[in-house]
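Heavy-atom basis, side chains included; hydrogens, waters and symmetry copies ignored.
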Amino acid sequence: HITEERYNIQWGGWNQVKYQLLFLKKMLESKHTPDRIFIITGQDYPLWSNSKIQMYCQKYPDKIWMRGINLTKMTSTSNMKRFLTFPHYFRDIDFHSQRLRHFITGGQRELFLKLFPAIREDYLVIEAQKWDIWQSSGYFSCNREVAKHILDTISKYPQISSYFKHTFVPEEITIPTIIFNSKYKDNAEIFPKPQYEGLSTLASLHEFYYNKAIKIYFGKSDYNKLISSGKMFCRKVETGKSDTLMDMIDSYRNCHEEK
């Protein structure tokens, strides 16, 4: 383990951002001094060979694997934009029941949607400059310089944490907002369409299928689709459900490993 610190992670809560920031901090402090940092999870699996990943990172040292969409400039009918304009509470609480959690957090959200047109702005003001709010996947990759900029920025401007702490799924918007309002924005990718089309369209690193109603785990029937996707990773895979697929991917990766 790179740290003994632990957070109670509940989807859509601020603790998801805290673990991202902690991970970046520990990587910068590491004696191994990595040139590039990947934020991924145990349900992600590499599709590229190790040598291809290393070669690509060396060829594009400044690239940020992050695809963002500007929520501030979306039309007001977008749910993602509307969710920015009022606070979301209780998301870091472990209710020990998904049904109860959904009832409380979702109920609070729907109540605010019905009662209030907007409570706060859909942008930030940092040093008299307007910052648009951006969304991306919570899984991304950057170099050490960008990681340091993220940590320095959120430390220097506490209003960033204050704004996003009670925002819907801050894991997907806090760091992207910092990146796309920085000098590093041209090293990331902007989603080419004006409206949100689902989280999978914002995944720069991953091939994945997202359905909020059910948990999707890839299996062996998805092998050809995943290999032909061109993505570096896929998600989600799970031991016991994706074993054959992972064996097939391992074989492919080994065959394409440069000796």
For residues [X] and [Y], determine if any side-chain heavy atom of one lies less than 4.5 Å from a side-chain heavy atom of the other.
| X | Y | value |
| --- | --- | --- |
| Ile178 | Phe164 | no |
| Leu205 | Asp44 | no |
| Pro46 | Met232 | no |
| Leu71 | Asp132 | no |
| Thr174 | Gln20 | no |
| Lys185 | Ile64 | no |
| Ile175 | Met66 | yes |
| Met74 | Ile69 | yes |

What's the shortest heavy-atom distance between [X] and [Y], and which atoms?
| X | Y | result |
| --- | --- | --- |
| Ser229 | Leu47 | OG-CD1, 3.9 Å |
| Ile53 | Trp48 | CG1-CB, 3.7 Å |
| Phe218 | Lys225 | CE2-NZ, 4.0 Å |
| Tyr139 | Ile40 | CD2-CA, 4.1 Å |
| Leu24 | Ala147 | CD2-CB, 4.1 Å |
| Ser136 | Gly68 | CB-CA, 4.2 Å |

Should Ile249 and Tyr223 be marked as a side chain to side chain contact (heavy atoms under 4.5 Å, CB included) after you check the CA-CA gap, both sets of side-chain angles, and the distance that decides it? CA-CA 7 Å; Ile249 293 174; Tyr223 173 78; 4.3 Å; yes
Is the Trp65-Tyr56 ring centre distance short of 6.0 angstrom?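 Yes, ring centres under 6.0 Å apart.
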I'd like to know whether CD of Gln159 has more than 12 heavy-atom contacts from other residues, nucleotides or ligands below 6.0 angstrom. yes
Any chance NZ of Lys63 has more than 12 other-residue heavy atoms, nucleotides or ligands included, within less than 6.0 Å? yes
Count I, L, V, M, F, W, Y as connected when their side-chain heavy atoms are under 4.5 Å apart, and connections chain through other members. Are Tyr123 and Trp131 then in the same cluster? no
Is it the case that one hydrophobic cluster holds both Val17 and Leu28, taking links as side-chain heavy atoms less than 4.5 Å apart, direct or via other members?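 Both belong to a single hydrophobic cluster.
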Tell me whether [X] contacts the main-chain N or O of [Y] through its side chain, where contact means a donor paired with an acceptor under 3.5 Å.
| X | Y | result |
| --- | --- | --- |
| Ser137 | Leu202 | no |
| Arg67 | Ile190 | no |
| Ser30 | Lys26 | no |
| Glu257 | Ser51 | yes |
| Ser49 | Lys52 | yes |
| Asn143 | Pro61 | yes |
| Ser141 | Ile37 | yes |
| Arg120 | Tyr163 | yes |
| Trp134 | Ile173 | no |

How far does [atom1] of [X] sit from [atom2] of [Y], to the nearest 0.5 angstrom?
| X | Y | atom1 | atom2 | result |
| --- | --- | --- | --- | --- |
| Ile126 | Ile160 | CD1 | CD1 | 4.5 Å |
| Arg36 | Cys57 | CZ | SG | 5.0 Å |
| Gln195 | Lys193 | CD | NZ | 11.5 Å |
| Gln135 | Glu171 | CD | CD | 10.5 Å |
| Met27 | Ile39 | CE | CD1 | 10.0 Å |
| Arg253 | Met246 | CZ | CE | 12.5 Å |

Does a donor on one side chain and an acceptor on the other come within less than 3.5 Å for Asp222 and Tyr217? no
Asp152/Lys148 salt bridge by N-O under 4.0 Å criterion: yes
Once you measure the plane-to-plane angle for Phe208 and His206, does it fall in the parallel (<30°), tilted (30-60°) or perpendicular (>60°) bin?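 It falls in the perpendicular class, over 60°.
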Please report the C-alpha distance between Ile154 and Leu21 in whole Å, then the side-chain angles of each, then the deciding distance to 0.1 Å, and finally whether the side chain to side chain contact (heavy atoms under 4.5 Å, CB included) criterion is met. CA-CA 9 Å; Ile154 206 162; Leu21 299 175; 3.7 Å; yes
Start with the C-alpha distance between Glu127 and Tyr157, add both sets of side-chain angles, then the distance that settles side chain to side chain contact (heavy atoms under 4.5 Å, CB included), and finish with yes or no. CA-CA 9 Å; Glu127 293 189 347; Tyr157 303 110; 2.8 Å; yes
Apply side chain to side chain contact (heavy atoms under 4.5 Å, CB included) to residues Leu226 and Leu245 and explain how you reach the verdict. CA-CA 10 Å; Leu226 294 176; Leu245 171 66; 3.9 Å; yes
List the steps and the verdict of side chain to side chain donor-acceptor pair (under 3.5 Å) for Asp250 and Tyr45. CA-CA 10 Å; Asp250 287 346; Tyr45 209 74; 2.6 Å; yes
